[in-house]
Every structure is written in structure tokens, then in C-alpha cells.
Amino acid sequence: RAIGDHSDGDALEVFIDRWFTPAGSDLEDVYPDAVANVASTSASGTPFSRDSLLELMRSLTKRAVATEGSYSTLIPAPNPMVIPAGRFRESYYWDSFWIVLGLLECPEPWATDLCLGIVRNFGHMVNKCGFVPNGFRAYYLNRSQPPLLTAMVSAIAARGRPEVAAEFLPVLKKELLFWRENRTFVEASTGSVVSRYWSDWTEPRAESLAEDLETARGVDSSSDRARLFRDICAAAESGWDFSSRWMDERNTLPSLRTTRVLPVDLNAILAKSERLVSEMARDLGDTDTSETFKKMSEEREAALQALFWDERRSKWRDLLIDDGGGRRSVGFARRDDEDYASEWVPLWCLDGDNERRRRAVRSLEASKINQPGGMASSSVHTGQQWDWPNVWPPSQYFLAEGCWMAADDESKRLGDSIRDRYMASARRAWGVWNALPEKFDCTVSGEAGSGGEYQCVMEGFGWSIGLALKWYDD
């Protein structure tokens with residue numbers, strides 16, 4: 001009615017100008033000097049250095065602006081946040097793990113305080129919602145992301161702030177129980193308690209309405225459309241949105257079956273988180289909590305080794321749940337000749353050094369994803385952004401750190417190689433864009449990644465900067 005009978009672009013533009021504020025106006029800069037510095041050097045360029053990376057990170061640090069008398073999708077956070085950059089104008093859950101790791105390499109108090117503020121924001125959301133949402137927007141409340149809050153708290157505690165364990169233990173328990181109570185699948189043949197990604201949302205994502213409607217265009221029945229929209233949302237919860245991991249052999253978005261996949265990396269992360277909570281509780285004298293979470297972790301690790309391990313391929317793999325509404329896994333989710341970076345995430349999560357770990361490192365080194373520009377997300381060519389040829393910072397971190405946890409020199413050399421390839425790509429990219437892209441190309445060092453439902457974000461990018469800071473002096 002406000003536009004009237006006119007459907008031309010000018011009328012729509014007038015309507016938007018009148019009733020909507022510009023994107024990002026619900027945030028303000030915490031360090032305006034850093035924003036100005038980054039803007040002034042974007043054309044001339046600055047050398048690739050720790051200081052340049054930190055200045056870019058400071059420029060991405062924001063706080064919520066009060067919106068009295070107006071409406072915003074932003075969920076206000078009590079403390080400043082670091083946004084990824086570009087189209088992502090809010091704090092994101094699992095992105096923040098690498099942002100925190102990078103900031104912890106800075107000895108200045110502001111960096112540690114910022115880390116504490118980030119995890120306190122997440123703790124605030126756990127207390128408010130029972131879980132950490134995908135991001136700090138109202139439309140992200142239908143899903144979470146890979147549960148790395150425990151690992152963030154553990155990293156801060158290890159860098160001279162052990163008191164945070166006592167502050168966060170109740171929150172960490174609450175979050176892990178959310179995953180156990182709301183994302184659990186009891187595998188009938190073994191009785192193993194494992195987890196999957198899920199959402200109760202059965203409509204198009206509000207932030208990607210047009211894309212999801214297009215994906216479902218050929219799906220006729222309302223029940224099949226609801227299932228597809230749930231699987232889209234669950235894939236977004238995984239952080240791997242989108243990938244052939246979640247698809248059937250057609251490798252198309254309408255063939256998504258995310259909620260039928262038992263993801264190896266999710267269960268490995270949960271096993272590590274449960275073990276860390278057990279250790280924190282033990283150190284704090286909370287024996288009951290320590291024993292409870294120790295048992296949970298040990299049972300999940302046993303399931304990882306018994307169900308997810310592929311003896312022939314020497315790696316851990318996603319499992320597929322039967323399609324008849326049963327409670328039984330029916331084998332590995334994807335073909336034997338395919339490789340996914342997620343299949344080696346247990347190297348980072350599982351404790352101890354043993355022959356199985358060393359075999360897994362050898363299989364990673366021989367895999368199709370081991371490329372000149374880094375470890376690709378997968379060997380499968382689909383045009384989706386979490387498949388070939390994209391190299392994502394989270395995968396590089398998990399795999400390199402996992403290799404370093406082995407005792408043998410050969411494994412450590414592969415970890416060094418993954419780190420060195422990432423840092424070489426970061427340096428080359430910085431020389432071109434004076435920033436780091438969100439993802440890289442595995443075939444060419446320093447080349448930005450491609451594919452997916454949006455163009456590669458070239459500003460920032462939060463976790464790319466964080467990992468570069470983490471590994472800068474290594």
C-alpha cells in the first residue's frame with residue numbers, strides 16, 4: 001500500500017529509503033581509528049605483518065547499537081564482537097573460534113579482553129536460548145553451528161586465564177547437554193549415542209528465501225518440501241553449507257539428506273568438548289560432573305572408533321541412517337573413492353598417539369584433497385563451496401594440528417606443510433587484495449575460492465585473519 005500501484009524500481013527504492021536503514025547500521029565501530037587506517041591503506045597496500053592483520057581484525061570489531069523505536073534482526077550482545085566481513089555483519093559461532101585463537105597471539109590486554117567478551121556473548125546466548133545460535137540474528141535461532149565454545153574457553157584458560165573455567169563450566173555443561181538432548185541419535189545395532197545436525201525449521205531460510213524456494217521448485221509434496229527445508233537448515237548448522245557430504249549420489253541441492261547423515265567431525269568435536277569439560281570439572285573439584293562427562297566422552301570416542309573408522313581406507317567417515325524411519329546406520333554415507341577434509345578432524349579431537357593415528361595421517365597425505373594450495377574440502381566437483389577446489393581455514397587448522405599431535409616426524413612434517421601452504425596463500429592473497437578471502441583455491445596458491453550461493457567474500461576475513469595470526473610465528 002505504501003508503494004501504491006507502482007511496481008517500478010524507483011518506487012521500490014523510495015519505499016526502502018523511507019522505511020529501512022542501511023545494512024550494518026545496527027552496529028557501530030569499536031575502533032574507528034582502525035577502520036580509518038584500513039580504508040586509507042586499501043589502495044596503496046600495507047605489508048603482510050602481524051600488525052597489519054591485527055589492525056584489520058580491530059576494524060572488524062563492532063558493538064550493537066540501541067534501536068529504540070525501530071526494529072532490527074540483530075540479537076544485541078552485551079560485549080563487542082568481531083564480524084567476519086562483507087555480507088556477514090554479525091557475530092558467527094564457529095567462525096569465532098579462529099578469531100579467538102588469533103587474538104590470543106597478541107600480548108596486549110585489549111585482545112584478551114575482546115576474546116573474553118566474545119565467549120561471554122556466547123555464554124549469554126546459552127543462558128538465554130539454551131544453545132549458541134548460528135549467528136547473532138533472529139533468523140539464526142533455528143539452528144546452531146559446530147560446538148566449539150568449550151574449545152574457546154579452554155584456549156583462553158591455557159593462555160594465563162585459568163579462572164575462566166570456573167566462570168564458564170555451568171554454561172559449557174548446559175550447551176553440551178543441549179546437543180545430547182536435541183541432536184542425539186541412538187544407533188540401534190550397537191546402542192551407541194551419537195549426534196547429527198538437525199533443525200525443527202521446515203520452511204525456507206529467511207536470509208536465503210529466494211535461493212531455497214528455487215532449490216525446492218521441483219519438489220511437489222508439502223512433506224517433501226518440509227523435509228528438504230529442514231535438511232537445508234541442518235546443513236547450514238554444520239557450517240558446511242553446502243557440500244556433497246549431505247547429498248545423495250545426484251550431488252544436487254534437492255538431494256540433500258543432512259539429517260540422515262551422522263557426521264564424523266561433529267561427533268569428534270563433541271567427544272573433545274566432553275573430555276575438556278570433564279577435565280575442567282576435575283580441576284575445580286566437581287567430581288560428579290567430571291565423571292559424568294568423562295563417561296560421555298569415552299562412550300563417544302568408542303563409537304567413533306567402532307562405527308566411523310574405515311579400516312580399509314584408514315580414516316573416519318560419515319555414516320548414513322536408513323531411510324525407513326529406523327534407528328540403524330546402513331554404512332558409510334559417500335562413495336569409497338571420495339575424500340573429505342572432515343574425515344580427518346578426529347586427528348585433532350581424539351587423545352593420544354597410536355598406530356591408527358599414524359595410519360590416518362598417511363592416508364591424509366595420500367588423499368585426493370592434498371593439493372599445492374592446501375587441503376581441499378572434498379575431492380568431489382559439484383560447484384558447491386564446501387567441495388572441490390575450495391580450501392577453508394577451519395579444515396587447515398584441524399588437519400595440521402591433528403598431524404602435530406602424532407609422535408612421529410613424518411606426521412609432524414605433513415602438519416608443517418599444511419601450515420606453510422596456508423601461510424603462503426595468505427601472503428600472496430594479501431599482496432593482491434590487502435586482505436584475506438574467506439576461502440582459497442587448492443590448485444593455485446593465493447587464489448580465492450569460488451562456488452556456492454554467493455560470491456567469495458574478499459574483505460576481511462575473520463577466520464582467515466585469525467588462523468594467519470595463530471600461525472604467524474610458527
Side-chain angles (χ1 to χ4, degrees), residues 1-30 32 35-36 38-39 42-43 59-60 62-77 81 83-92 95 133-143 199-222 224-226 228-233 235-236 241-242 252-254 256 383-385 433 435 437-438 448 450-462:
R1 288 197 300 270
I3 296 176
D5 296 329
H6 305 286
S7 59
D8 59 279
D10 289 343
L12 182 60
E13 187 173 342
V14 169
F15 175 80
I16 291 173
D17 286 344
R18 178 179 179 184
W19 295 105
F20 289 82
T21 56
S25 58
D26 45 12
L27 295 172
E28 65 181 9
D29 300 321
V30 173
V35 176
V38 169
S42 59
S59 76
L60 297 173
K62 314 290 181 181
R63 68 167 61 90
V65 176
T67 55
E68 186 176 349
S70 61
Y71 300 93
S72 172
T73 60
L74 185 71
I75 301 172
M81 65 190 81
I83 65 171
R87 70 198 295 267
F88 301 108
R89 303 181 187 93
E90 51 278 319
S91 177
Y92 283 81
D95 294 57
N134 183 153
F136 277 59
R137 293 281 172 186
Y139 46 73
Y140 286 142
L141 289 171
N142 54 27
R143 60 187 186 262
S199 176
D200 292 327
W201 192 257
T202 55
E203 299 177 26
R205 293 168 296 162
E207 76 279 13
S208 300
L209 177 67
E211 293 86 346
D212 289 358
L213 289 175
E214 176 62 25
T215 296
R217 188 157 54 94
V219 181
D220 295 328
S221 77
S222 58
D224 286 344
R225 287 170 67 87
L228 176 57
F229 291 141
R230 169 176 282 139
D231 282 327
I232 288 172
C233 200
D241 47 330
F242 294 99
T252 61
L253 285 176
L256 283 168
Q384 298 301 328
Q385 65 172 352
W433 297 294
E438 63 172 346
S450 59
E453 59 183 5
Y454 62 86
Q455 286 191 328
C456 180
V457 178
M458 305 304 297
E459 311 100 286
F461 190 80

Donor on one side chain, acceptor on other, Arg137 and Thr73, under 3.5 Å: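 Distance-only check passes for Arg137 and Thr73.
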Whether the side chain of [X] engages the backbone of [Y] through a donor-acceptor N/O pair (distance < 3.5 Å, no angle test) should be reported.
X	Y	value
Asp212	Arg205	yes
Arg230	Ser199	yes
Glu28	Lys62	no
Arg143	Pro133	no

Ring centroid separation Tyr454 to Phe88 under 6.0 Å: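 Yes, they do, as the ring centres are separated by less than 6.0 Å.
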Could you grab the distance from atom [atom1] of [X] to atom [atom2] of [Y], nearest 0.5 Å is fine?
X	Y	atom1	atom2	answer
Asn142	Phe229	CG	CZ	13.0 Å
Glu13	Arg18	CD	CZ	15.5 Å
Asp231	Asp224	CG	CG	10.5 Å
Leu27	Leu60	CG	CG	11.5 Å
Asp17	Phe20	CG	CZ	11.0 Å
Phe136	Leu141	CZ	CG	10.0 Å

Can you give me the closest heavy-atom contact between [X] and [Y], atom names plus distance?
X	Y	result
Ile75	Ala138	CG1-N, 3.8 Å
Trp201	Cys233	CB-SG, 4.0 Å
Pro32	Asp29	CD-O, 4.0 Å
Glu453	Ser208	OE2-OG, 3.8 Å
Cys456	Ala448	SG-CB, 4.2 Å
Ala64	Pro76	CB-CA, 4.1 Å

Side-chain touch Val457/Arg87, heavy atoms, less than 4.5 angstrom: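 Side-chain contact under 4.5 Å: yes.
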Steps toward side-chain contact (heavy atoms from CB on, under 4.5 Å) verdict (Asn134, Glu90): CA-CA 10 Å; Asn134 183 153; Glu90 51 278 319; over 6 Å; no
Criterion side-chain contact (heavy atoms from CB on, under 4.5 Å) on Gln384 and Leu253, from CA distance to verdict: CA-CA 9 Å; Gln384 298 301 328; Leu253 285 176; 3.8 Å; yes
Contacts of Tyr140 that satisfy ring-ring contact (aromatic ring centres under 6.0 Å, His included) - sequence neighbours left out: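 Result, ring-ring contact (aromatic ring centres under 6.0 Å, His included) vs Tyr140: Tyr92.
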